[in-house]
Each structure stands twice: as C-alpha cells, then as structure tokens.
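In what follows, a single structure is set out as structure tokens and then discussed.
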Amino acid sequence: MSAKTPYSGRIKIFSDGADKQAMLEMNQNPLVQGLTTNPTLMKKSGVTDYVRFCKEILNEIKVKPISFEVFADDFKEMKRQALEIASWGENVYVKIPITNSEGESSLGLINDLSQSGVKLNVTAVLTLEQSWGACQALKGGAPSILSVFAGRIADTGRDPLPLMQASLEMCLSTDKNIELLWASSREVLNIVQADQMGCHIITATNDLIKKMAQFNKDLSQLSLETVRMFKSDAESAGFSL
C-alpha cells in the first residue's frame with residue numbers, strides 16, 4: 001500500500017513559460033493561479049516583438065497575476081520600462097532582477113518603484129543577503145513577490161530548503177504584502193516541498209503542472225505501466241538478441 005502524497009494544495013501554482021498557446025491553456029487550468037515569463041523563455045519561443053507579445057497575452061489573460069520582466073541594464077531605463085510595463089494592466093507584476101549585469105544592486109530602484117505603487121516580482125535572488133535586502137526595499141510598498149531560485153541553488157549541490165525557510169520567515173515578519181516564490185522548480189516533488197514549508201507561490205513548467213495528475217497514484221500500478229512501456233518500446237524498435 002502506497003502512502004499518500006503529502007500535498008495540501010495551499011500553495012499557489014504559477015505557470016512559467018513563453019509559448020502563447022500554452023500560456024492561454026494554462027490560464028484556463030484551475031490549478032494555475034498566475035503566470036510568469038522572462039526574456040530568456042521568450043527568446044527560446046521565438047518572440048521578436050516584446051511589447052506586441054506581452055499585449056497579446058494580456059488581451060486574453062486579464063485577471064490572473066502575470067509577471068513581465070524589464071530587460072534594460074541601466075537603472076534609469078529600467079525604471080522607464082518598469083513604469084511602462086506596469087501600465088499595461090492591474091494584474092501585471094514587473095520583474096526586476098536583484099542586480100544588473102554588472103552586479104550593481106537594484107534595491108534603490110526596487111524601493112522607489114514599490115513605494116510608488118508598482119507591483120514587483122524581485123527576481124534572480126539566490127542568497128539570504130539578497131532576500132533580506134529585497135524585503136527591506138519592499139516593506140510598506142505595493143503587493144510584491146520575492147522570487148528565490150531554489151532550483152538553481154539545488155543545481156549547485158546545495159539544499160535550498162534552509163534558505164527558502166529563512167526567506168519565508170523574512171517575508172512574514174517584514175510585510176504581509178510580500179509573497180515568497182519558489183522559482184526554477186526542477187521536478188514535481190518541488191511543488192510538494194514548497195507547499196509543505198508554507199511557501200506562498202511556486203513557478204512550474206506546463207509539463208510539471210500536468211504531472212500533478214499523478215499525485216497519489218498507486219506505485220504498483222506505476223511500476224507495471226513502466227514495465228509495459230519498456231516492453232512496447234523494445235518491440236517497436238525491433239530489438240533482438
């Protein structure tokens with residue numbers, strides 16, 4: 001007998017991607033409560049007109065929160081882009097990286113925008129010091145998201161859970177309007193881990209979200225299905241000994 005998946009369903013799941021049709025599909029999925037994208041995902045999807053792409057998405061996605069990222073490196077231009085993006089809709093969060101590409105802190109800009117009423121998603125956060133700085137910059141401002149890249153931390157061989165837990169405690173003790181987001185999830189288990197630790201939001205690819213249908217699936221049945229898959233693939237490949 002298999003134990004049940006320890007998933008409460010309290011965490012908000014945001015779909016992460018840049019394929020228009022997939023984003024619209026996820027917008028209709030009741031499991032999905034928001035969406036995010038970024039310039040890298042857009043490039044991979046072949047997006048060439050940033051503004052056109054974002055506005056086409058917003059013509060369809062008008063209620064669920066959605067995050068679009070600035071791509072300027074100069075803070076003055078970053079602010080201009082942020083204000084432009086924020087003007088596109090009430091459901092829009094503007095993604096601001098924790099530093100620019102030169103490693104210069106974005107905290108001054110983050111504070112300025114947040115206190116001006118711009119809803120922000122502070123992104124590319126990977127250290128406790130960055131989490132603390134972002135929380136202080138966002139304190140007392142508009143509703144915001146702190147995106148800590150747990151998956152990228154795990155890719156370095158480090159356990160992201162202690163940092164995620166500490167970042168959550170910072171958010172909770174600093175301002176109820178700051179939500180912690182578990183970013184760059186790598187497997188469905190991450191959704192369970194983030195849910196169990198009390199994280200507010202997790203981003204996941206469409207493929208990971210679809211795999212949630214396997215929660216609580218009987219493991220003996222899954223084993224049998226796996227064996228049958230191996231048999232079918234071996235036969236279709238025409239293998240012989």
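Below, all heavy atoms of this structure are taken into account, side chains as well, without hydrogens, waters or symmetry copies.
With rounding to the nearest 0.5 Å, the separation of CD1 in I191 from CD1 in I209 is 6.5 Å. In this structure, CG in N27 is found 5.0 Å from NZ in K64, a value given to the nearest 0.5 Å. To the nearest 0.5 Å, atom NZ of residue K62 and atom CD1 of residue I57 are 13.0 Å apart. The structure places CG of L138 at 8.0 Å from CG of D175, a figure rounded to the nearest 0.5 Å. With rounding to the nearest 0.5 Å, the separation of OG1 in T5 from NZ in K217 is 12.0 Å. Here the straight-line distance linking atom OG1 of T127 with atom CD1 of I98 works out to 8.0 Å at 0.5 Å rounding.
Grouping the Ile, Leu, Val, Met, Phe, Trp and Tyr side chains by contacts below 4.5 angstrom, directly or via other members, places L208 with M197. Under the 4.5 Å side-chain heavy-atom criterion for Ile, Leu, Val, Met, Phe, Trp and Tyr, V51 and L83 are members of the same hydrophobic cluster. F14 and M26 fall into different hydrophobic clusters, where Ile, Leu, Val, Met, Phe, Trp and Tyr are joined by side-chain heavy atoms under 4.5 Å apart, directly or via other members. Under the 4.5 Å side-chain heavy-atom criterion for grouping Ile, Leu, Val, Met, Phe, Trp and Tyr, I13 is not connected to L41 through any hydrophobic cluster. V92 and V70 end up in the same hydrophobic cluster when Ile, Leu, Val, Met, Phe, Trp and Tyr side chains are linked at under 4.5 Å.
For the pair H200/I11, no side-chain contact is recorded, criterion being any heavy-atom separation below 4.5 Å from C-beta on. For the pair V94/S67, no side-chain contact is recorded, criterion being any heavy-atom separation below 4.5 Å from C-beta on. For the pair S45 and F53, the minimum side-chain heavy-atom distance is 4.5 Å or more. Contact of the E84 side chain with the S87 side chain is registered, since non-hydrogen atoms from C-beta on lie closer than 4.5 Å. Contact check for L120 versus K95: no side-chain heavy atoms found under the 4.5 Å cut-off. Side-chain contact between F68 and M42 is present, with heavy atoms from C-beta onward closer than 4.5 Å. Using a 4.5 Å heavy-atom threshold, the side chains of M170 and L128 count as touching. Side-chain contact check for T123 versus E69: some heavy-atom pair is nearer than 4.5 Å.
I202 and A194 make their closest contact through CD1-CB, 4.0 Å (heavy atoms, listed as atom of the first residue, atom of the second, distance). Nearest heavy atom pair, residue I110 against residue P97, reads CD1-O, 4.5 Å. Taking every heavy atom of both residues into account, G17 and M23 meet most closely at O-SD, 3.7 Å. Here the shortest heavy-atom pairing between A137 and L107 reads CB-O, 3.7 Å. Scanning all heavy atoms of the two residues, the minimum distance from V118 to A86 falls at CG1-CB, 3.9 Å. Between Y7 and M212, the shortest heavy-atom contact is OH-CE, 3.6 Å.
Residue-environment remark: CZ (R186) exceeds the threshold of 12 foreign heavy atoms within 6.0 Å. Within a 6.0 Å radius of CD in Q221, more than 12 heavy atoms belonging to other residues, nucleotides or ligands are found.
Proximity of a side-chain donor or acceptor of D195 to a complementary backbone N or O of S8 within less than 3.5 Å is detected.
For the ring pair (Phe, Tyr, Trp, His ring centres under 6.0 Å) condition, no pair includes a residue of residues 78-127, sequence neighbours left out. Residue pairs meeting the side-chain hydrogen bond (donor to acceptor under 3.5 Å, both in side chains) criterion with at least one member in residues 138-150, sequence neighbours excluded, are N121-S147. For residues 107-118, every residue pair satisfying the side-chain hydrogen bond (donor to acceptor under 3.5 Å, both in side chains) rule, not counting sequence neighbours, is listed here: K79-D112. A salt bridge (Lys or Arg N to Asp or Glu O under 4.0 Å) check over residues 17-36, counting only residues at least two apart or in different chains, returns the pairs K20-E56, E25-K210.
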side-chain contact (heavy atoms from CB on, under 4.5 Å), that's the test. Do L146 and V125 meet it? Break it down for me.
CA-CA 8 Å; L146 176 66; V125 175; 3.8 Å; yes
For L161 and Q165: C-alpha separation, side-chain torsions, deciding distance, then whether side-chain contact (heavy atoms from CB on, under 4.5 Å) applies.
CA-CA 6 Å; L161 281 171; Q165 188 63 57; over 6 Å; no
Could you go through V192 and Q196, starting from their C-alpha distance and side-chain angles, then the distance that decides it, and tell me whether this counts as side-chain contact (heavy atoms from CB on, under 4.5 Å)?
CA-CA 6 Å; V192 176; Q196 284 186 299; 3.8 Å; yes
Determine whether I61 and L35 satisfy the following criterion, side-chain contact (heavy atoms from CB on, under 4.5 Å), listing intermediate values before the conclusion.
CA-CA 9 Å; I61 302 174; L35 301 96; 4.0 Å; yes
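The pair E225-R228 fails the salt-bridge criterion, with no side-chain N (NZ, NE, NH1 or NH2) lying under 4.0 Å from an Asp/Glu carboxylate O. Salt-bridge annotation for E235 and K231: present, with a side-chain N of the basic residue lying under 4.0 Å from a carboxylate O of the acidic one.
With side-chain heavy atoms closer than 4.5 Å counting as contact, directly or through intermediates, L224 stands alone and belongs to no larger hydrophobic cluster.
D16 and T36 share a side-chain donor-acceptor pair at under 3.5 Å. Checked by atom type, the side-chain pair S106/N100 shows no donor-acceptor distance below 3.5 Å.
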Side-chain polar contacts of residues 178-185 - donor-acceptor pairs under 3.5 angstrom, sequence neighbours left out - could you list them?
{"residue": "E179", "atom": "OE1", "partner": "K12", "partner atom": "NZ", "Å": "3.3"}
{"residue": "E179", "atom": "OE2", "partner": "K12", "partner atom": "NZ", "Å": "2.6"}
{"residue": "S184", "atom": "OG", "partner": "G151", "partner atom": "N", "Å": "2.9"}
{"residue": "S184", "atom": "OG", "partner": "R152", "partner atom": "N", "Å": "3.1"}
{"residue": "S185", "atom": "OG", "partner": "T203", "partner atom": "O", "Å": "2.5"}

